[in-house]
Amino acid sequence: MTTVYWLTRDLRLDDNPALQEAAKGSALVCVYMIDPRWFEPGPCGWSPMGPHRWAFTWRSLIALDAALNTLGQQLVIRWQRPEEGVPEVVKTLGAQRLVASRPAAFDEMRQWQTIEAALPFVRCDLIETLTLFDEADLPFRLDALPDTFSKFRRSIEKPDLASLAPLDKPAALPAAATLLDADQRLASPMPGQSETPFAGGEASGADHLERYLWKDQSILTYKITRNALDNASASSKVSPWLSAGALSARRLAAEIARFEGEVDRNESTYWLYFELLWREYFQWYSRHRGRELFLSPGHKGQHTGSTDAVEFRRWLKDAATHSLVRAGRVQLETTGYLSNRMRQIIASACIYEGHFDWRLGAAWFEHFLVDYDVASNYGNWQYIAGVGADPRGGRVFNLEKQVSQFDADGSYRKRWLKAP
Ligand SMILES: Cc1cc2nc3c(=O)[nH]c(=O)nc-3n(C[C@H](O)[C@H](O)[C@H](O)COP(=O)(O)OP(=O)(O)OC[C@H]3O[C@@H](n4cnc5c(N)ncnc54)[C@H](O)[C@@H]3O)c2cc1C
């Protein structure tokens with residue numbers, strides 16, 4: 001049996017149940033679609049895929065291809081809309097099975113359904129690779145997802161650790177089915193320049209984690225340092241690899257548990273797992289909410305602010321806009337990364353100081369973040385706007401208070417604005 005494995009946000013060999021499932025056939029083709037629409041400007045003027053995530057994704061693809069080569073396989077990279085490209089590959093090969101990772105959000109799920117409908121005689125399977133838990137392991141039905149993170153966490157916090165055990169890399173893979181065409185990497189675009197400090201690829205993610213956890217042991221102070229505005233070791237910085245699927249959430253959880261067993265366990269080591277549960281909550285929240293994750297009133301019916309994208313862009317740079325927000329804009333657009341605290345500050349300022357519709361900010365983040373994750377991004381923006389999973393109905397950050405707590409000496413603003 002020939003199987004096509006369509007890779008999306010699962011760019012790894014380690015702990016990859018979709019790859020293991022796809023490898024059960026006698027022949028395998030691993031394919032990745034670069035969707036041209038990623039680079040087309042959306043309603044707010046930004047394309048979904050900005051320079052930082054693209055540079056990161058590209059390196060992840062090259063690295064994955066090299067890793068597959070060591071197992072006699074390769075990654076076929078195509079520049080095509082998945083709804084057209086995936087059925088075309090399956091039909092050209094006469095494949096009997098299509099495997100992919102379960103998508104996190106509404107549009108991607110609809111895309112999968114279109115692909116499935118185009119392949120009525122092919123077995124099409126979605127496998128969970130993005131989350132810590134499988135849906136079947138959740139102690140509630142998805143349509144009864146707790147409406148706040150706290151309730152979710154309490155219900156899930158003591159998982160059956162055996163069910164979370166990550167899978168090892170496969171030792172072997174089936175032979176590659178006859179290739180369809182030459183790999184298209186030379187024809188692919190490199191839009192924009194990126195100065196992101198993050199390097200894509202599973203091996204670089206593993207090296208990064210090794211350094212943060214085992215060599216520097218920075219996890220031991222995570223809870224104290226995590227709110228720093230701009231400090232490389234203040235938080236784990238694993239988000240780009242998690243988002244691309246170059247590192248699995250289960251592997252990260254397992255490494256935290258191993259560290260606790262072999263080195264030390266304290267409030268900080270627990271807190272990194274706690275934050276991973278936030279990510280987990282937003283993944284299920286996105287699946288539960290579907291289209292509503294992207295609607296302005298969320299599911300609570302509130303009205304949010306101006307949808308004027310031109311004015312929003314002007315406001316972000318305006319000298320009258322708070323220097324902390326202007327500094328954050330420069331850091332985000334230059335590097336693709338902001339600390340969680342800066343993301344919260346900026347989101348709050350966009351919504352409550354600039355009076356903009358939160359979706360403008362979410363689209364801006366989507367374009368520039370190297371670690372953009374649809375569920376975490378839209379879920380967090382909704383949360384701060386008070387139209388999502390926030391029991392307090394929104395989070396307003398007092399900018400002067402944030403400055404006095406996190407940038408009293410002005411060093412963050414000096415670094416990114418040169419002069420605050
Ligand atoms: C407005 C806004 C937008 C955001 N957009 C994204 C996004 O597109 N992609 C993304 O990965 N994270 C997003 N976050 C969450 C969080 O800011 C980042 O995950 C975190 O800053 C990444 O840095 P880190 O890996 O050092 O995190 P750490 O503090 O080391 O946390 C470890 C991991 O836990 C998860 N995590 C931590 N905090 C959150 C959170 N609040 N929500 C969801 N997951 C969390 C992430 O996977 C993170 O990598 C957003 C937060 C806000 C407030």
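Read the numbers this way: they start at 1 and go in the same order the structure lists the ligands and their atoms. Residues take their numbers from the sequence shown, with the count starting at 1.
Considering both main-chain and side-chain atoms, Tyr372 never comes within under 3.5 Å of ligand 1 through any nitrogen or oxygen pair. Residue contacts with ligand 1: Leu242 is placed with no nitrogen or oxygen under 3.5 Å of a nitrogen or oxygen of the ligand (distance criterion only). Looking at Asn377 next to ligand 1, an N or O pair under 3.5 Å apart turns up. Ligand 1 has an N or O atom lying under 3.5 Å from an N or O atom of Tyr222, backbone or side chain.
Cation-pi check for Arg359 over Tyr378 is not met; the charged atom does not lie both under 6.0 angstrom from the ring centroid and within 45 degrees of its normal. Relative to the ring axis of Trp58, Arg53 does not place its NZ or CZ within 45° and under 6.0 Å from the centre.
For ligand 1, the atoms lying closer than 4.0 Å to a non-hydrogen atom of Ser243 are 11 (O). Short contacts between ligand 1 and Phe282, defined as distances under 4.0 Å to a heavy atom of the residue, involve ligand atoms 42 (N), 43 (C). Within the listing of ligand 1, atoms 25 (O), 49 (O) sit less than 4.0 angstrom from a heavy atom of Val238. Close approach of ligand 1 to Leu369 (heavy-atom distance below 4.0 Å) involves ligand atoms 5 (N), 7 (C), 8 (O).
Among all protein heavy atoms, the one lying closest to atom 6 (C) of ligand 1 is Arg343 NH1, 3.3 Å. The protein heavy atom nearest to atom 24 (P) of ligand 1 is Lys237 N, 3.5 Å. The protein heavy atom nearest to atom 22 (C) of ligand 1 is Ser239 OG, 3.2 Å. Protein heavy atom closest to atom 23 (O) of ligand 1, with residue, atom name and distance, is Tyr337 OH, 2.7 Å. Scanning the protein heavy atoms around atom 30 (O) of ligand 1, the nearest turns out to be Ser236 OG, 2.6 Å. Protein heavy atom at the shortest distance from atom 41 (N) of ligand 1 is Asn380 OD1, 3.4 Å. In terms of protein heavy-atom proximity, atom 10 (C) of ligand 1 is closest to Asp371 O, 3.6 Å. The protein non-hydrogen atom at the shortest distance from atom 38 (N) of ligand 1 is Glu275 OE1, 3.2 Å.
For Gln113, the CD atom sits in a packed shell: over 12 heavy atoms of surrounding residues, nucleotides or ligands are nearer than 6.0 Å. Summarising the local packing, CZ of Arg313 is surrounded by more than 12 heavy atoms from other residues, nucleotides or ligands at distances under 6.0 Å.
Inspection of the Trp214 and Glu262 side chains reveals no N or O donor paired with an N or O acceptor under 3.5 Å. Side-chain contact annotation: Glu267 with Trp271, donor-acceptor N/O pair under 3.5 Å absent. At a cut-off of 3.5 Å, with distance as the only test, no side-chain donor of Thr307 or Asp357 sits close to an acceptor on the other residue.
Between the CD1 atom of Ile115 and the CE atom of Met33 there is a distance of 8.0 Å, given to the nearest 0.5 Å.
Between Tyr32 and Trp6, the gap from one ring centroid to the other reaches at least 6.0 Å. Remark: aromatic rings of Tyr273 and Trp278 are distant, center separation not under 6.0 Å.
With hydrogens and angles ignored, the 3.5 Å screen pairs a side-chain donor or acceptor of Asp407 with a backbone N or O of Tyr412.
Under 4.0 angstrom from ligand 1, the non-hydrogen atoms of Asn340 come from both its backbone and its side chain.
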